[in-house]
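I have placed the structure first, in the form of structure tokens, so that the comments after it can refer back to it.
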Amino acid sequence: MPTPDVSAEQPDDAFFAGDFRHPGLSEPRTKEEWRDYLDYLLPPKPVLLPLDVYRNLTDQERSRHNAERAAHHSALVIVRTSQMKSIHHQIRRRMMTNSRQPAGARRGIVLDGPATLGKSTLVKTFAYDFEHELRRDHPDRFDKRYIVDGLLIDYTPVVYLNIPSQATPKDLSVALADYLAQPYRSGATKSDITRLVLDNMRRVGVELVVIDDAHFMDLSLKEGKVVNDHLKHIANHTAATFIYTGVDLKHSGLFLEGAGGARATQTAGRNTLLHMTPYNIRTMAEKADWVSVITAMEEALVLYEHQHGTLAGEWKYLHRRTGGNISSLAELIREAAADALLTGEERIHRTLLDTIVINQHAQSTYDATWQNHPLSPPPEHQRRPDSDDGEAAVGLDRPARA
């Protein structure tokens with residue numbers, strides 16, 4: 001079969017950037033991709049039709065309607081938890097403190113915690129809110145573009161970098177340059193690229209720099225000091241506030257002089273360490289907070305046979321399944337919603353949830369400990385979620401092991 005001749009006469013817009021792009025979002029690597037993230041509209045929540053209307057849809061109509069529901073469930077919702085709100089408040093306060101400080105490195109924030117707790121989502125959500133507020137309050141800044149030394153200068157208040165594995169100081173400068181569309185010559189040194197990047201960051205008005213997955217930087221004993229010195233140099237020469245996220249950063253070369261060292265670095269002295277933790281359910285307030293997260297996700301479901309309140313009633317079971325990890329909870333509910341659509345069951349209940357295998361950490365923890373928990377009492381004897389150790393009444397079958 002001959003290769004089509006794409007050079008044949010075509011309208012100017014016949015081939016555009018979005019032709020074959022995946023409908024979902026990927027982690028942004030450039031300012032253009034970050035703007036795509038800012039402008040992205042989540043799939044809207046479809047309206048549940050009257051059940052008799054749904055059953056009488058044609059195959060094509062039902063397929064289209066189900067595809068819309070599946071897209072909505074895949075995106076689900078970002079729940080603004082109490083922990084997210086608290087950390088957002090601390091970042092906002094730090095940025096206000098830094099805004100008119102004298103020249104020199106501003107104090108940043110290091111967000112530490114186990115994997116899959118939603119650290120990346122938390123910082124991206126803050127940066128999303130921050131830039132959207134700037135768009136609202138200063139729309140004129142986003143309309144201006146000009147050329148300096150052949151380089152396009154446009155307002156770029158947020159830089160978001162996702163660090164690749166074993167990144168070196170030069171890798172960090174290259175990532176900054178690529179994000180800002182800053183050209184550099186082949187074979188340029190780390191110092192050359194960094195100088196260009198710092199000039200560009202000042203011109204485009206960078207106010208917030210997020211370095212996600214900072215534990216991927218080479219923080220070994222040999223390279224830890226070099227990385228710290230490089231971060232200090234960049235922070236010294238930009239007025240932006242830096243936020244780092246990662247796993248076990250407190251004990252890494254970011255805070256100690258090389259991994260396993262004892263001497264604190266200047267990076268440690270210039271940044272506040274915040275911890276993200278899984279949800280606990282020891283106190284009444286913690287239980288209520290956990291139930292509110294489940295409820296927000298459950299209210300987003302669009303299933304014809306699902307009884308709202310079912311998942312909230314399973315608050316204790318869901319905590320055991322996920323270890324109080326909000327990312328694992330979202331994964332479990334997304335998978336269950338997809339299964340309810342695929343099978344036509346149209347509801348989520350304990351039996352279905354127990355068939356879903358989620359991420360290995362949460363699953364292995366649950367598999368190792370579920371025997372330690374007694375059987376749930378019969379529905380008529382179950383207590384409300386605000387009781388000390390009960391589960392809410394839900395009239396659904398439960399497997400013997402739960």
Which pair of non-hydrogen atoms, one from Gly108 and one from Arg94, has the smallest distance, and what is that distance? O-NH1, 2.8 Å

Name the orientation class of the two ring planes belonging to Tyr54 and Tyr304 (parallel below 30°, tilted from 30 to 60°, perpendicular beyond 60°). parallel

Determine the interplanar angle of the Tyr128 and His132 rings, folded into 0 to 90°, and report it as parallel if under 30°, tilted if 30 to 60°, perpendicular if over 60°. tilted

Does the side chain of Tyr160 come under 3.5 Å of the side chain of Asp212 through a donor N or O and an acceptor N or O? yes

Neighbour count above 12 (heavy atom, 6.0 Å) for Asp140 CG: yes

Note: Asp36-Lys31 ion pair, threshold 4.0 Å (strictly below): no

Could you give me the CA-CA distance, side-chain angles and deciding distance for Glu207 and Arg202, then say whether salt bridge (charged side-chain N to carboxylate O under 4.0 Å, His left out) is met? CA-CA 9 Å; Glu207 298 180 52; Arg202 184 178 296 111; over 6 Å; no

Using side-chain heavy atoms (C-beta onward) and a distance below 4.5 Å, is Tyr37 in contact with Lys124? yes

Would you say the side chains of Arg69 and Ser74 form a donor-acceptor pair under 3.5 Å? no

Does the side chain of Asp354 reach to within under 4.5 Å of the side chain of Arg321, using non-hydrogen atoms? yes

To the closest 0.5 Å, what do you measure between CD1 (Ile326) and CG (Leu117)? 9.5 Å

Side chains of Asp178 and Tyr184 in contact at under 4.5 Å (non-hydrogen atoms): yes

May I ask you to decide if Arg282's main-chain N or O and Asn280's side chain share a donor-acceptor pair within less than 3.5 Å? no

Is the shortest side-chain heavy-atom distance between Val209 and Met201 below 4.5 Å? yes

State, with a plain yes or no, whether a side-chain heavy atom of Ile78 is found less than 4.5 Å away from one of Thr121. yes

Hey, are Asn325 and Thr116 close enough side-chain-wise for a donor-acceptor pair under 3.5 Å? yes

Heavy-atom closest pair, residues Val226 and Pro169: CG1-CG, 3.6 Å

In terms of heavy-atom contacts, Leu151 and Ala181 come closest through CD1-O, 3.5 Å

Within a radius of less than 6.0 Å around CD of Gln307, do more than 12 heavy atoms belonging to other residues, nucleotides or ligands occur? no

Here the gap from Asp213 atom CG to Tyr244 atom OH, rounded to the nearest 0.5 Å, amounts to 14.5 Å

Just by distance, with hydrogens left out, do Ser63 and Asn66 show a side-chain donor and acceptor under 3.5 Å apart? no

Go through Glu345 and Glu305 one step at a time and tell me if the side-chain contact (heavy atoms from CB on, under 4.5 Å) criterion holds. CA-CA 7 Å; Glu345 188 165 2; Glu305 300 290 346; over 6 Å; no

Distance-only donor-acceptor check, side chains Arg80 and Thr125, under 3.5 Å: no

Can you tell if the side chain of Leu303 reaches within under 4.5 Å of the side chain of Ile348, non-hydrogen atoms only? yes

Within a 6.0 Å radius of atom CZ on Arg100, are there more than 12 heavy atoms belonging to other residues, nucleotides or ligands? no

side-chain contact (heavy atoms from CB on, under 4.5 Å) assessment of Ile294 paired with Leu329: CA-CA 8 Å; Ile294 298 169; Leu329 176 67; 3.9 Å; yes

Could you tell me whether the side chain of Trp290 and the main chain of Trp315 form a donor-acceptor pair under 3.5 Å? yes

Kindly indicate, with the supporting measurements, whether the criterion side-chain contact (heavy atoms from CB on, under 4.5 Å) is fulfilled by His138 and Tyr155. CA-CA 11 Å; His138 306 284; Tyr155 186 42; 5.6 Å; no

Given 3.5 Å as the limit, does a donor-acceptor pair link the side chain of His215 with the main chain of Leu249, or not? no

Verify, without hydrogens or angle tests, whether Arg106 (side chain) and Gln101 (backbone) share a donor-acceptor contact under 3.5 angstrom. yes

Matching residue for Ser173 among Arg195, Gln182, His230 - test: side-chain hydrogen bond (donor to acceptor under 3.5 Å, both in side chains): His230

Flag, side chain of Lys119 to backbone of Pro114, donor-acceptor distance under 3.5 Å: yes

We want to know whether Asp171 and Thr168 form a side-chain donor-acceptor pair, criterion being a heavy-atom distance below 3.5 angstrom. yes

Check: Glu61/Thr58 side-chain N/O donor and acceptor closer than 3.5 Å: yes

Do side-chain atoms of Asn98 reach the backbone of Arg107 as a donor and acceptor pair under 3.5 angstrom? yes

Looking at Ala127, is its backbone amide N or carbonyl O close enough to the side chain of Glu131 to form a donor-acceptor pair, meaning the two atoms are under 3.5 Å apart? no

Would you please say whether a donor-acceptor pair under 3.5 Å links the side chains of Asp154 and Tyr146? no

To the closest 0.5 Å, what do you measure between CG (Leu180) and CG (Leu152)? 11.5 Å

Donor-acceptor under 3.5 Å (His319 side chain, Tyr279 main chain): yes

On the ring face of Tyr179, is Arg29 found with NZ or CZ under 6.0 Å from the centre and within 45° of the axis? no

Does the Glu298 side chain pair with the main chain of Thr310, one donor and one acceptor, at a distance under 3.5 Å? yes

Check: His237 side chain, Lys232 main-chain N or O, donor-acceptor pair, under 3.5 Å: no

Heavy atoms of Gly246 and Asp112 approach each other most closely as O-OD1, 3.2 Å

For Ala336 and Leu353, the nearest pair of non-hydrogen atoms, with its separation, is CB-CD2, 3.8 Å

Quick one: CZ on Arg320 to OG1 on Thr322, what's the gap to the nearest 0.5 Å? 11.0 Å

Return the CD1 to CD1 distance between Ile243 and Ile211, rounded to the nearest 0.5 Å. 10.5 Å

Heavy-atom side-chain proximity of Leu301 to Leu311 below 4.5 angstrom: yes

Any chance you could lay out the side-chain contact (heavy atoms from CB on, under 4.5 Å) test for Leu38 and Arg135, step after step, and finish with the verdict? CA-CA 11 Å; Leu38 293 175; Arg135 289 184 177 193; 3.4 Å; yes

With a 4.5 Å cut-off on side-chain heavy atoms, are Arg203 and Asp149 touching? yes

Atom CG of Leu332 and atom CZ of Arg334: how far apart are they, to the nearest 0.5 Å? 11.0 Å

Which atom names give the shortest non-hydrogen contact between Ala71 and Pro43, and what distance separates them? O-CG, 3.7 Å

